[in-house]
Amino acid sequence: MKLALISDIHANRQALQACLAHARQQGADRFVFLGDLVGYGADPVAVLDEIMDLASQGALVLRGNHDEMALNPPALKGADVTMGSHGAHWTHDQLTARHRAFLTELPLTLTHGHMLLVHASADRPDAWRYVDGEGAAGRCLDQALSQQQGPHVLVGHVHHQTLYYRGAGRHLMSFDPIPGLPVPTPVHRPMVACVGSCGQPRDGDPRAMYAICDHTAQKMTFHRVPYNHAEAAAAIRLAGLPEFFAQRLELGR
């Protein structure tokens, strides 16, 4: 089985469609969405309609922090108001009761075979901690193993693609994968994989990110997919969302 892992779509319809098409060309058998389906982007309804349809066909879907914010937008007053807060209110207003019910019922974690699926860290998933270094990856993996989950943990949230693996010692080592080049991921070797962001990359490259796990070959391939980010940015501006959200797509930052 080939499992396509897609995270942090952020209501970017163009990026989602490009990754789905690419994954199908790679022979993906099933889709997994690791949260942050909405937020920032201009097409939350179209993105959720697509994912809800795939979920009815067996796709696995998790809830992320921006999905949570869309359900319960923070107050727009005081010193803590952010562009994300404004975006969460806008997204909330776009969604129908059916979309909100779907987001509400999404779990924070799922297990699939030897893998634990989670949006942020397995170390308190509801705290939305970032797996942004070897120490954080180690805490994430230790928590999963202590709950007899894993030994492979697949996460999103950080908008970068990185693989952390445990060799002969206890500490994890990081590895930056080359897009399109399969990486051996034997079941006996514990690891944490950050699959990157489909809809809002932040490494200076605007191409969408996702990954494919090949269970039979015990390999994982990280992908970068070109898409019409100019069209996605234009949709953000047309919707009246913050200009910064559009610029991020154009710059990949």
With a 4.5 Å cut-off on side-chain heavy atoms, are [Y] and [X] touching?
X	Y	answer
Q57	F31	no
L117	T111	no
L62	L110	yes
E68	R63	yes
L154	V32	no
H152	P190	no
R166	M191	no
D36	S7	no

Quiz prompt | Under 3.5 Å side-chain donor-acceptor pair for D214 and Q218 | solution =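 No, no side-chain donor-acceptor pair sits under 3.5 Å.
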On a heavy-atom basis, which atom in [X] and which in [Y] lie closest, and how many Å separate them?
X	Y	result
T162	S174	CG2-CB, 4.2 Å
V155	C140	CG1-SG, 4.4 Å
L141	P151	CD1-O, 3.5 Å

Out of curiosity, does [Y] fall in the hydrophobic cluster containing [X] (side-chain heavy atoms, cut-off under 4.5 Å, transitive links)?
X	Y	answer
I51	L106	yes
F102	F33	yes
L5	M209	no

Practice problem: Go through the steps for Q200 and L249 under the test side-chain contact (heavy atoms from CB on, under 4.5 Å), then give the verdict. | Solution: CA-CA 6 Å; Q200 198 182 87; L249 300 189; 4.1 Å; yes
If you measure from [atom1] on [X] to [atom2] on [Y], what distance do you get to the nearest 0.5 Å?
X	Y	atom1	atom2	answer
C19	Q14	SG	CD	12.0 Å
Q148	L116	CD	CG	13.0 Å
Q94	H89	CD	NE2	13.0 Å
R13	L48	CZ	CG	13.5 Å
I9	L37	CD1	CG	5.5 Å

Quiz item: Going by the angle between their ring planes, with limits at 30° and 60°, are Y227 and H229 parallel, tilted or perpendicular?
Solution: perpendicular
Quiz item: Under the side-chain contact (heavy atoms from CB on, under 4.5 Å) criterion, do M115 and C213 qualify, and how do the steps go?
Solution: CA-CA 10 Å; M115 299 186 301; C213 281; 4.2 Å; yes
Quiz item: Given the rule in the side-chain contact (heavy atoms from CB on, under 4.5 Å) test, do V118 and L34 qualify, once you have shown the distances and angles that lead to the verdict?
Solution: CA-CA 6 Å; V118 58; L34 296 174; over 6 Å; no
Quiz prompt | side chain to side chain donor-acceptor pair (under 3.5 Å) partner of D8, chosen from H159, H157, R202 | solution =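 Going through the options one by one, the only one that passes is H159.
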Quiz item: Taking only residues at least two apart or on different chains, which pairs with a member in residues 93-103 satisfy salt bridge (charged side-chain N to carboxylate O under 4.0 Å, His left out)?
Solution: D49-R98
Practice problem: Sorted by first residue and then second, give each side chain to side chain donor-acceptor pair (under 3.5 Å) pair with at least one member in residues 122-133; sequence neighbours left out. | Solution: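 Every side chain to side chain donor-acceptor pair (under 3.5 Å) pair that includes a residue of residues 122-133, provided the two are not neighbours, is D123-R129.
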Quiz item: After noting the C-alpha distance and the side-chain angles of N12 and Y40, does the key distance pass the side chain to side chain donor-acceptor pair (under 3.5 Å) rule?
Solution: CA-CA 8 Å; N12 187 333; Y40 297 132; over 6 Å; no
Quiz prompt | Candidate pair H114 and H215, rule side-chain contact (heavy atoms from CB on, under 4.5 Å), full reasoning | solution = CA-CA 10 Å; H114 62 275; H215 288 297; 3.5 Å; yes
Quiz prompt | CD1 (I178) with more than 12 external heavy atoms under 6.0 Å | solution = no
Quiz item: Do the charged groups of R248 and E243 touch, with an N to O distance under 4.0 Å?
Solution: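 A salt bridge is absent here (no side-chain N lies under 4.0 Å from a carboxylate O).
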